[in-house]
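Please read the structure below before turning to the comments.
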Amino acid sequence: MVSTQKDARTVLSDPRFSNRQELKRAQLPTARPNDASQPAAPGWFIHMDPPRHTHYRRLLQGQFTVRRMRLLEPRIERIAAELIDDMITHGPPVDLVSTFALPLPSRVICELLGVPYADHAFFESRSTAMVYGSQQALADLTGYLRDLIGAKKPGDDLISGLKAELAVEELTNIALILLVAGHETTAAMISLGVDTLLRHPEQDRSDPVEELLRHLTIVRVGAPNRAALEEVELDERTVAPGETVTIDLLAANHDPAVFTDPHTLRLDRPEAREHLAFGYGAHLCLGHNLARLELRIAYRALFEAFPALRHAGEPRPRAGYPIATLEELPVAW
């Protein structure tokens with residue numbers, strides 16, 4: 001395991017370390033569409049190396065550019081405003097997770113992919129079960145997306161745009177990755193971020209995203225990791241070919257060599273953007289621009305609508321989950 005930012009960047013970017021699932025010894029079981037001892041299934045690009053990884057990445061990058069995010073921004077702002085109106089209509093107290101933090105990124109990723117939001121309860125429940133390791137949930141989601149792709153008509157969503165470029169199995173697996181990653185992690189960051197901001201009312205909330213990403217670092221357990229393809233000298237230690245190195249992102253994002261007083265939340269921290277919360281190198285999170293945009297809109301919209309937002313009970317963490325997240329966050333105003 002590596003825990004410094006220097007070593008983390010090396011392992012995440014050095015081509016002598018592989019992300020191929022069949023070469024790595026994972027610390028925890030994970031839900032994948034094939035045996036982890038075998039090469040990744042077609043489209044399951046997050047467990048591939050170049051050139052296979054590069055092929056899929058290039059097909060998808062155009063959907064997540066800064067320019068595309070600017071075009072999406074007004075729509076995300078409208079979704080946030082609609083959810084806040086629903087909160088006002090309901091009246092306090094409300095659970096911020098179920099009323100705002102989860103539906104906002106769920107609706108956004110559905111529109112981006114071309115998945116009917118009417119099915120959100122189904123895919124949200126299956127996504128959660130899948131991350132816990134349920135093979136049945138994985139099969140349910142895979143079957144749902146395969147049927148959806150088969151019935152797709154031409155449109156301007158991501159699935160429609162890629163249907164002519166990819167085989168059904170490839171597109172199904174890509175859609176599965178994006179659907180799950182596109183709402184799980186952002187929902188977790190919205191709820192945990194709001195909880196953190198409420199606990200630090202003395203700090204300026206005008207631009208909190210990068211420091212919250214660094215400070216919280218929600219991807220913690222069992223990922224990411226890489227397998228050494230050859231002997232590598234790493235921090236005066238020899239990593240042998242075939243050995244798996246796990247990157248402790250939480251520790252790397254609290255590395256005192258990079259971040260002054262790293263365990264203290266400082267929303268005006270000038271070096272905050274040096275964090276590795278989205279990874280680094282070729283496997284940098286594809287949706288990092290989208291996630292940053294959603295978080296910025298979510299925090300701003302909530303605290304502008306509810307300047308007196310406060311806890312209305314103790315937050316309830318989701319136990320045993322590989323992503324740091326909350327099950328419930330009761331709030332009032």
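What you see is a predicted model; the values in this text were computed from it and never measured.
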*Partners of Ala301 by side-chain contact (heavy atoms from CB on, under 4.5 Å), sequence neighbours excluded?*
Ala80, Ile84
*asked:* Going by side chain to side chain contact (heavy atoms under 4.5 Å, CB included), Phe17 matches just one of Val232, Leu12, Asn225. Which one?
replied: Val232
_Residue pairs passing the salt bridge (Lys or Arg N to Asp or Glu O under 4.0 Å) test where at least one lies in residues 297-309, sequence neighbours excluded_ = Glu77-Arg300
*Give the C-alpha distance, both sets of side-chain angles, the deciding distance and a yes or no for side chain to side chain donor-acceptor pair (under 3.5 Å) between Asp7 and Thr10.*
CA-CA 5 Å; Asp7 289 342; Thr10 296; 5.1 Å; no
*Any side-chain hydrogen bond (donor to acceptor under 3.5 Å, both in side chains) involving residues 85-94? Give me the pairs, sequence neighbours left out, ordered by first then second residue.*
none
*Please confirm whether the backbone N or O of Pro208 pairs with a side-chain atom of Glu211, one donor and one acceptor, at under 3.5 Å?*
no
*Is there a donor-acceptor pair closer than 3.5 Å between any side-chain N or O of Tyr280 and the backbone N or O of Arg9?*
no
*Just by modelled atom types, is the Leu138 backbone N or O under 3.5 Å from a matching donor or acceptor in the Thr142 side chain?*
yes
_Under the salt bridge (Lys or Arg N to Asp or Glu O under 4.0 Å) definition, can you give me all pairs with a residue in residues 190-210, not counting sequence neighbours?_
Asp195-Arg199, Glu210-Arg273, Glu210-Arg292
_Summary of salt bridge (Lys or Arg N to Asp or Glu O under 4.0 Å) pairs that have at least one residue in residues 59-75, sequence neighbours excluded_ = Glu73-Arg296, Arg75-Glu82, Arg75-Glu111
_Sidechain-backbone polar pair: Ser106 side chain, Leu102 backbone, donor-acceptor under 3.5 Å_ = yes
*Please go through Leu23's hydrophobic cluster and name the other residues, only I, L, V, M, F, W, Y counting, with side-chain heavy atoms under 4.5 Å joining them.*
Leu229
_Any donor-acceptor pair under 3.5 Å from His283 side chain to Gly279 backbone_ = no
_Under the rule for side-chain contact (heavy atoms from CB on, under 4.5 Å), what residues qualify as partners of Leu250, not counting sequence neighbours?_
Thr217, Arg220, Asp248, His254
*Arg237 and Asp235 ion-paired at < 4.0 Å*: no
_Is it the case that the side chains of Thr4 and Asp255 hold a donor-acceptor pair, with the cut-off being a distance below 3.5 Å and no angle test?_
no
*Evaluate the ring planes of Tyr117 and His120, with Trp represented by its six-membered ring, and classify them as parallel (under 30°), tilted (30 to 60°) or perpendicular (over 60°).*
parallel
*List for me each residue that meets ring pair (Phe, Tyr, Trp, His ring centres under 6.0 Å) alongside Phe64, sequence neighbours excluded, and say none if there are none.*
none
Report all side-chain donor-acceptor pairs from residues 257-267 shorter than 3.5 Å, counting only partners two or more places apart or in another chain.
{"from": "Asp261", "atom 1": "OD1", "to": "Thr264", "atom 2": "OG1", "distance (Å)": "3.1"}
{"from": "Asp261", "atom 1": "OD2", "to": "Thr264", "atom 2": "OG1", "distance (Å)": "2.8"}

_Donor-acceptor under 3.5 Å (Asp119 side chain, Phe122 main chain)_ = no
_Per the salt bridge (Lys or Arg N to Asp or Glu O under 4.0 Å) rule, what does the pair list look like for residues 131-157, sequence neighbours excluded?_
Arg126-Asp140, Lys152-Asp157
*Under 3.5 Å, is there a donor-acceptor pair linking the side chains of Asn253 and Arg214?*
no
*Give the intermediate values and the outcome of side chain to side chain donor-acceptor pair (under 3.5 Å) for residues Tyr321 and Glu184.*
CA-CA 11 Å; Tyr321 212 55; Glu184 284 275 357; 2.8 Å; yes
*Glu233: what forms a side-chain contact (heavy atoms from CB on, under 4.5 Å) with it, not counting sequence neighbours?*
Glu231, Thr238
*Is there a donor-acceptor pair closer than 3.5 Å between any side-chain N or O of Glu274 and the backbone N or O of Glu271?*
no
Let me have the donor-acceptor pairs involving side chains of residues 325-333, under 3.5 Å, with sequence neighbours excluded, atom names and distances please.
{"from": "Glu327", "atom 1": "OE1", "to": "Arg318", "atom 2": "NE", "distance (Å)": "3.4"}
{"from": "Glu328", "atom 1": "OE2", "to": "Arg316", "atom 2": "NH2", "distance (Å)": "3.1"}

*asked:* Is it the case that the side chain of His275 and the backbone of Ala277 share a donor-acceptor pair, with hydrogens and angles ignored and the cut-off at 3.5 Å?
replied: yes
